[in-house]
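What follows is a short report on a single structure.
Along the sequence shown, residues carry numbers from 1. All figures in this text were calculated on a predicted structure; none of them were measured in a lab.
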Amino acid sequence: MKYIYTLLIYVAIVHIGNAQSKKEITVVPSHAQVQLVDREGMQVLIELDKKFVEKTWLQKLKTFGKVETEKESYIIHGASIPEISSSCTLYSTVFTTKTGTVVFWAIDLGSQYITQGHEHYEKAKKKLNTFAKEIYVADVNVQIAAAEDALNTSSKSLDKLVKQGESLNSALDKNAKDKVDLQRKLEDNGKELKFLESEEVRIEGRMKEVKSTENTEEQQKLLKESISITNNVEKNKQQKVSLEAKIKDNENQKIQLESDIKKNAENQVAAKDEVEKMAKAVDAVRAKLKIYE
């Protein structure tokens with residue numbers, strides 16, 4: 001039984017969980033080029049995949065107004081940002097660094113940009129910080145969903161193995177009953193063969209007696225009995241061969257079932273261990289949400 005998919009998820013989640021025992025989100029003053037113009041604003045570093053960050057950030061920007069895009073630049077004319085301005089121009093860009101993905105935005109109020117020291121700076125800073133926190137939480141929720149899916153897959157695999165084990169044990173019980181039945185039939189076959197052989201001896205002796213007489217009617221009767229007994233003996237011997245073959249097959253089946261039951265038990269142990277690992281992984285990744293509370 002293979003659990004590569006779930007094991008990789010477990011290792012990845014635990015590794016990430018250990019690496020991010022404490023998450024600090026820092027928004028800093030900065031500047032960046034948007035539409036070939038250097039804009040003053042602020043940025044936040046998010047240690048996540050750029051595509052995921054970019055997609056989520058674009059959705060966020062759309063809540064402020066109609067987004068105009070040009071490669072990796074986002075501009076909103078007449079942007080409405082709650083608590084800051086009902087009509088401003090928002091410039092933004094997303095780019096990668098060695099340490100992660102950077103989200104930058106600059107807010108132009110018309111007369112000036114919101115930079116450090118401006119009355120709305122802390123509000124703008126908080127909004128960017130909140131976005132970073134939200135996207136980290138969204139990423140954790142994706143991890144939770146993946147971990148729960150892996151746990152569900154592992155649990156189903158274990159349930160399947162348990163049912164398989166029950167089926168194998170039932171088959172072994174039936175195999176044992178079949179063996180008893182076959183041995184009984186073979187024993188009855190042996191008794192019947194002895195009886196038929198004794199009848200052959202009796203008929204043979206009787207035939208010798210009758211031959212010395214002219215009782216042709218009795219001779220014909222004995223001859224028919226002899227032929228019938230001979231046929232029954234042959235039939236009996238064929239049944240014996242068939243029963244012995246079935247008993248041999250029964251023994252081979254028993255050996256195979258015992259091997260399968262042993263393998264199934266080993267797989268169940270591995271599957272239970274996998275379920276425990278996945279359950280711990282789910283708990284571990286859920287615990288990561290606490291660092292953003």
Side-chain angles (χ1 to χ4, degrees), residues 1-7 10 149-280:
M1 184 62 65
K2 295 182 180 180
Y3 300 95
I4 297 176
Y5 172 69
T6 50
L7 186 56
Y10 169 72
D149 182 61
L151 175 59
N152 184 51
T153 299
S154 296
S155 297
K156 286 182 178 179
S157 295
L158 176 57
D159 290 342
K160 184 177 179 180
L161 285 169
V162 170
K163 289 180 181 178
Q164 184 185 60
E166 293 172 350
S167 178
L168 287 169
N169 281 302
S170 295
L172 186 63
D173 289 341
K174 184 178 183 301
N175 174 273
K177 292 177 181 178
D178 289 345
K179 181 178 181 180
V180 172
D181 185 56
L182 288 169
Q183 288 176 330
R184 179 185 59 76
K185 288 181 178 180
L186 185 62
E187 185 179 343
D188 291 343
N189 175 275
K191 290 178 181 179
E192 184 181 1
L193 180 60
K194 286 183 180 181
F195 171 74
L196 290 171
E197 288 174 343
S198 67
E199 282 295 288
E200 280 186 320
V201 173
R202 182 183 68 78
I203 295 297
E204 186 178 351
R206 182 65 182 148
M207 284 287 286
K208 287 179 181 180
E209 294 176 1
V210 174
K211 280 182 180 180
S212 61
T213 71
E214 293 183 359
N215 190 340
T216 56
E217 184 179 346
E218 181 66 16
Q219 287 179 12
Q220 288 296 322
K221 180 181 178 181
L222 289 171
L223 181 61
K224 287 180 179 179
E225 285 186 37
S226 176
I227 292 173
S228 177
I229 290 172
T230 299
N231 289 336
N232 286 335
V233 167
E234 183 61 28
K235 182 179 179 181
N236 180 279
K237 288 180 178 179
Q238 291 176 358
Q239 288 177 339
K240 180 183 178 182
V241 172
S242 176
L243 286 167
E244 288 174 340
K246 288 180 179 179
I247 289 174
K248 185 177 180 179
D249 289 342
N250 176 275
E251 183 61 27
N252 290 335
Q253 184 186 47
K254 176 187 175 183
I255 293 171
Q256 183 61 54
L257 284 169
E258 289 175 338
S259 175
D260 291 344
I261 288 171
K262 181 180 178 181
K263 184 64 177 177
N264 176 271
E266 292 173 353
N267 288 340
Q268 282 195 45
V269 171
K272 287 178 182 177
D273 181 59
E274 186 70 13
V275 169
E276 289 178 3
K277 286 181 179 179
M278 289 301 100
K280 289 179 181 178

ask   = Considering all heavy atoms of both residues, which atom of Val275 and which atom of Leu151 are nearest to each other, and what is their separation?
value = O-CD1, 3.6 Å
request  = Rounded to the nearest 0.5 Å, what's the gap from CG on Leu257 to CG on Leu168? Could you check?
outcome  = 6.5 Å
query = Do any N or O atoms from the side chain of Ser228 and from the backbone of Lys224 form a donor-acceptor pair under 3.5 angstrom?
reply = no
query = With a 4.5 Å heavy-atom cut-off, do Glu251 and Lys179 have their side chains touching?
reply = yes
inquiry  = Whether Arg184 and Asp188 form a salt bridge (side-chain N of Lys/Arg under 4.0 Å from carboxylate O of Asp/Glu) is what I want to check.
reply    = yes
query = How long is the span from the CD1 atom in Ile255 to the CG atom in Asp260, to the nearest 0.5 Å?
reply = 12.0 Å
ask   = What are the two closest heavy atoms between Leu161 and Asn264, and how far apart are they?
value = O-ND2, 3.0 Å
message = Counting C-beta onward and ignoring hydrogens, is there a side-chain heavy-atom pair between Glu197 and Val201 closer than 4.5 Å?
response = no
ask   = Looking at Glu234 and Lys237, does any basic side-chain N land under 4.0 Å from a carboxylate oxygen?
value = no
message = Donor-acceptor pair, distance only, cut-off 3.5 Å: does the side chain of Thr230 make one with the backbone of Ser226?
response = yes
query = Do Ser167 side-chain atoms and Lys163 backbone N/O form a donor-acceptor pair below 3.5 Å?
reply = no
NZ/NE/NH1/NH2 to OD/OE distance under 4.0 Å, Glu187 and Lys191 = yes
ask   = When you look at Lys263 and Asn267, which way does the side chain to side chain contact (heavy atoms under 4.5 Å, CB included) test go after all the steps?
value = CA-CA 6 Å; Lys263 184 64 177 177; Asn267 288 340; 3.9 Å; yes
key: Salt-bridge contact Lys174-Asp178 (side-chain N to carboxylate O under 4.0 Å)   = yes
Expected output: side-chain Ser242 to main-chain Gln238 donor-acceptor under 3.5 Å = no
task = Verify, without hydrogens or angle tests, whether Asp273 (side chain) and Val269 (backbone) share a donor-acceptor contact under 3.5 angstrom.
result = no
ask   = Could you walk me through whether Asp181 and Lys185 pass the salt bridge (Lys or Arg N to Asp or Glu O under 4.0 Å) check?
value = CA-CA 6 Å; Asp181 185 56; Lys185 288 181 178 180; 3.5 Å; yes
ask   = Could you walk me through whether Glu225 and Arg202 pass the salt bridge (Lys or Arg N to Asp or Glu O under 4.0 Å) check?
value = CA-CA 11 Å; Glu225 285 186 37; Arg202 182 183 68 78; 3.6 Å; yes
inquiry  = Could you tell me if Gln256 and Asn252 have a donor-acceptor pair between their side chains, going purely by distance under 3.5 Å?
reply    = no
query = Is a side-chain N or O of Asn169 found less than 3.5 angstrom from the main chain of Gly165, in a donor-acceptor match?
reply = yes
